[in-house]
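The following block contains the structure, expressed as structure tokens.
Values in this document were obtained by computation on a predicted structure and should not be read as measured data. Note: hydrogens, waters and symmetry copies are ignored here, and every other heavy atom, side chains too, is used. Letters A, B, ... are given to chains in the order of the sequence lines, protein chains preceding strands, and every chain is numbered from 1.
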Amino acid sequence: MKLNRPRGTRDFTPAETEKRRYIENRMRGTAEHWGYEEVKTPTFEHTELFTIKSGEAILDELYTFKDKGGRDIALRPELTAPVLRMYVNEMSVSPKPIRLYYFENCFRYERPQKGRFREFWQFGVELIGSDSAQAEAEVIALAAAMVSDTGIEANLHIGHLGVVRGLLHGLDAQMQAEAMRLMDKKDVDGLRMLLSDQPGLRDRLPALLDADIDEARSITDDAQPLEELQATLTLLDHYGIRYEVDFGIVRGLDYYTGMVFEMYAAGLGAQNQICGGGTYRLAQLFGGSETPSCGFGIGFDRVLEVCGIEPPHAPRVVVVYLPDVTEDAIRVSRRLRDDAGVRTTIDISGRKFGQQLKHADAIGADYAVIVGAKEVEAGMVTLRDMHTGGQEMIGLDDAVLRIMGDREGEDHPASHDESAFLDLP
RNA sequence: GCUGGGGUAGGGUAGCUGGUCAUCCUAUGGGACUGUGGAUCCCACGACCCGGGUUCAAAUCCCGGCCCCGGCCCCA
């Protein structure tokens with residue numbers, strides 16, 4: 001009986017993996033240019049870490065189990081909590097602010113659909129130790145840069161939880177939660193109905209959904225959140241980032257303290273959000289001292305689904321040889337790998353000459369380097385361009401140069417990206 | 001959790017008002033072809049999602065499950 005992979009998981013073929021690696025490394029490169037350093041945390045944590053952060057309700061969506069020592073363990077559903085836990089455990093005395101990024105798989109037990117899987121990958125950033133306007137603007141600008149680096153046009157919406165929270169202050173907790181939910185859904189009618197006996201709010205809250213920052217001033221009495229937001233937005237203008245003010249972004253969780261933002265891309269159906277973040281305080285929940293922070297997460301799988309970027313083509317070379325010169329052929333393949341640094345394969349199946357070429361074609365080789373008695377005698381190789389069919393007997397050094405020149409002539413981005421790409425294990 | 005559509009070789013499909021050996025294309029391996037690929041021909045390989053029911057007979061009809069693709073809910 002054939003076994004299939006578990007629901008909501010995926011296999012990635014070589015072509016898909018290559019593309020994922022390439023995009024991943026571009027994003028990595030951007031984060032590093034902004035001075036962020038990569039961290040890794042465990043794939044599983046104590047379940048408590050996530051329930052402390054997000055409440056017991058998330059247990060339904062967690063992969064949990066008891067380990068052999070009876071501990072309650074959960075596969076990580078996200079990385080902000082693990083990274084902040086790590087900060088409290090390992091880095092709380094590091095000089096602030098601390099700039100961290102991560103790229104990891106996460107697990108959520110949810111119904112799979114477009115852009116939603118049970119194992120998915122998140123790229124994220126946490127700027128720990130500051131919630132200044134400068135910090136917020138940097139984090140948002142970095143998110144925008146990462147997304148646009150992948151060739152995606154996304155809409156950036158920025159809001160501030162202080163405004164809604166200030167307005168809802170007098171209501172009981174359940175009403176507040178419901179109002180927040182309706183704000184998030186932009187459900188004007190629902191809001192009016194919910195707040196029908198709250199004349200002070202019934203119109204102001206729905207009005208906030210469409211308000212820009214000036215209009216918001218007339219809706220709320222509390223000027224402070226708006227000033228904070230204005231300071232951040234002013235800096236973002238200097239970063240050259242385009243955004244939309246949206247007080248309907250509520251990101252319901254208690255630990256968000258102020259600015260919140262989301263990015264949306266077309267072409268993803270119901271799961272159109274590719275990035276979400278904001279300013280929060282979590283460290284004290286995990287036993288650290290109160291530490292303002294901000295960060296965001298990018299849904300890597302959704303990015304891949306809409307981004308138009310393809311990895312640069314790296315030439316493929318096949319050494320085609322006759323059985324009586326196997327040793328020479330192996331020597332040639334070593335030179336191609338070591339000196340030219342191109343991906344080089346050589347027949348291991350005992351195929352006949354014609355079939356070796358046929359196979360080279362089938363796997364999409366760009367060049368065949370032909371080694372036979374003639375070549376060995378002349379101390380040369382025959383370099384065949386598999387695309388044009390043209391071929392020429394030349395010295396191995398020339399062949400190496402020719403192939404390397406091809407690689408450098410390809411249309412692909414700046415060298416740092418390429419070297420990062422090639423340095424992968 | 002709710003809901004619509006769907007599961008036939010590795011991929012794509014025909015058959016699906018029950019009845020020869022389940023069709024065709026493609027991919028893969030080999031041969032025709034012992035120094036020149038993409039063509040052609042031949043051979044090989046390989047499937048009815050799982051379980052139960054109805055029936056002399058089930059890929060086909062019925063029930064349940066699993067899975068896939070969407071939508072809702074949720075979304076740290």
Roughly how many Å is it from NZ in A:Lys185 to C1' in B:rC75, rounded to a whole number?
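The answer, rounded to whole Å, is 13 Å.
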Within this structure, what is the CZ-to-P distance between A:Arg116 and B:rG1, rounded to whole angstrom?
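Taking atom P of B:rG1 as the reference, CZ of A:Arg116 is at 14 Å.
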Which nucleotide, in any strand shown, forms a Watson-Crick or G-U wobble pair with B:rU55, with both distances under 3.5 Å?
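Its partner: none found.
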Taking the six-membered ring where the residue is Trp, are the ring centres of A:Tyr264 and A:His157 under 6.0 Å apart?
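Ring-ring flag for A:Tyr264/A:His157: true, centres closer than 6.0 Å.
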Salt bridge between A:Arg108 and A:Glu119, side-chain N to carboxylate O under 4.0 Å?
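Result for this pair is no, no salt bridge flagged.
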Under 4.0 angstrom, heavy atoms only, what part of the nucleic acid is A:Phe50 near: base, sugar-phosphate, or nothing?
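The answer is nothing, as A:Phe50 stays clear of every strand by at least 4.0 Å.
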Expressed as a whole number of angstroms, how long is the span from A:Phe117:CZ to B:rC75:C1'?
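Distance, rounded to whole Å: 15 Å.
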Is there a side-chain contact between A:Arg76 and the phosphate of B:rA76, meaning an N or O under 4.0 Å from OP1 or OP2?
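So the side chain of A:Arg76 is outside the cut-off, no N or O lying under 4.0 Å from OP1 or OP2 of B:rA76.
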OP1 or OP2 of B:rG30 sitting under 4.0 Å from any side-chain N/O of A:Arg351?
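Answer yes for this pair, as a side-chain N or O of A:Arg351 is under 4.0 Å from OP1 or OP2.
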On the nucleotide B:rG70, are OP1 or OP2 found under 4.0 Å from the side-chain N or O atoms that A:Gln113 carries?
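No, because none of the side-chain N or O atoms of A:Gln113 sits under 4.0 Å from OP1 or OP2 of B:rG70.
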Check the distance between B:rC74's C1' and A:Arg108's CZ and give it to me in whole angstrom.
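For the pair A:Arg108 CZ and B:rC74 C1', the rounded distance is 10 Å.
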With a 6.0 Å cut-off on ring centres, are A:Trp121 and A:Phe12 close enough?
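For A:Trp121 and A:Phe12, the ring centres are under 6.0 Å apart.
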Examine B:rU34: is either OP1 or OP2 under 4.0 Å from a nitrogen or oxygen in the side chain of A:Gln355? Give yes or no.
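No.
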Looking only at N and O atoms, is any donor in the side chain of A:Arg384 or the base of B:rG37 less than 3.5 Å from an acceptor on the other one?
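Pair found.
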Mind checking if A:Ala368 touches a base, just sugar-phosphate, or nothing, with heavy atoms under 4.0 Å?
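The residue A:Ala368 makes no contact with any strand.
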Geometric class of the A:Trp34/A:Tyr239 ring pair [parallel <30°, tilted 30-60°, perpendicular >60°]:
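Rings of A:Tyr239 and A:Trp34: parallel, under 30°.
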At 4.0 Å (heavy atoms only), tell me whether A:Gln273 reaches a base, stays on the sugar-phosphate, or touches nothing.
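A:Gln273: no heavy atom of the nucleic acid under 4.0 Å.
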With a non-hydrogen cut-off below 4.0 angstrom, is A:Gly276 in contact with a base, only sugar-phosphate, or nothing?
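Here A:Gly276 touches no strand at all.
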Distance below 4.0 Å between A:Arg181 side-chain N/O and B:rC74 OP1 or OP2
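Affirmative; the distance criterion is met.
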Quick one: are the ring centres of A:Phe120 and A:Phe300 less than 6.0 Å apart?
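Ring centres of A:Phe300 and A:Phe120 not closer than 6.0 Å.
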Could you give the CD-to-C1' distance, from A:Glu262 to B:rC75, as a whole number of Å?
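Interatomic distance, CD of A:Glu262 to C1' of B:rC75: 10 Å.
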Tell me what A:Glu375 touches on the nucleic acid: a base, only sugar-phosphate, or nothing, going by heavy atoms under 4.0 Å.
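Base contact.
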In whole Å, what is the span from the NZ atom of A:Lys114 to the C1' atom of B:rC75?
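Computing the A:Lys114:NZ to B:rC75:C1' distance gives 18 Å.
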Using a heavy-atom cut-off of under 4.0 Å over every strand shown, decide if A:Gln356 touches base, sugar-phosphate, or nothing.
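No contact.
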Does A:Gly8 reach a base, just sugar-phosphate, or nothing at all? Heavy atoms under 4.0 Å.
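It contacts sugar-phosphate atoms only.
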Apply the ring pair (Phe, Tyr, Trp, His ring centres under 6.0 Å) test between A:Phe123 and each candidate in A:Tyr36, A:Tyr102, A:Phe103; give the one that qualifies.
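For A:Phe123, the ring pair (Phe, Tyr, Trp, His ring centres under 6.0 Å) check succeeds only for A:Phe103.
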Give the rounded distance in Å between these two atoms: NZ of A:Lys352 and C1' of B:rG30.
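Taking atom C1' of B:rG30 as the reference, NZ of A:Lys352 is at 9 Å.
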Looking at A:Arg111, does any N or O in its side chain come under 4.0 Å of the phosphate oxygens OP1/OP2 on B:rC73?
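So the side-chain polar atoms of A:Arg111 never come under 4.0 Å of the phosphate oxygens OP1 or OP2 of B:rC73.
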Spacing between A:Ile363 atom CD1 and B:rG29 atom P, to the nearest angstrom
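So the two atoms are 11 Å apart, to the nearest Å.
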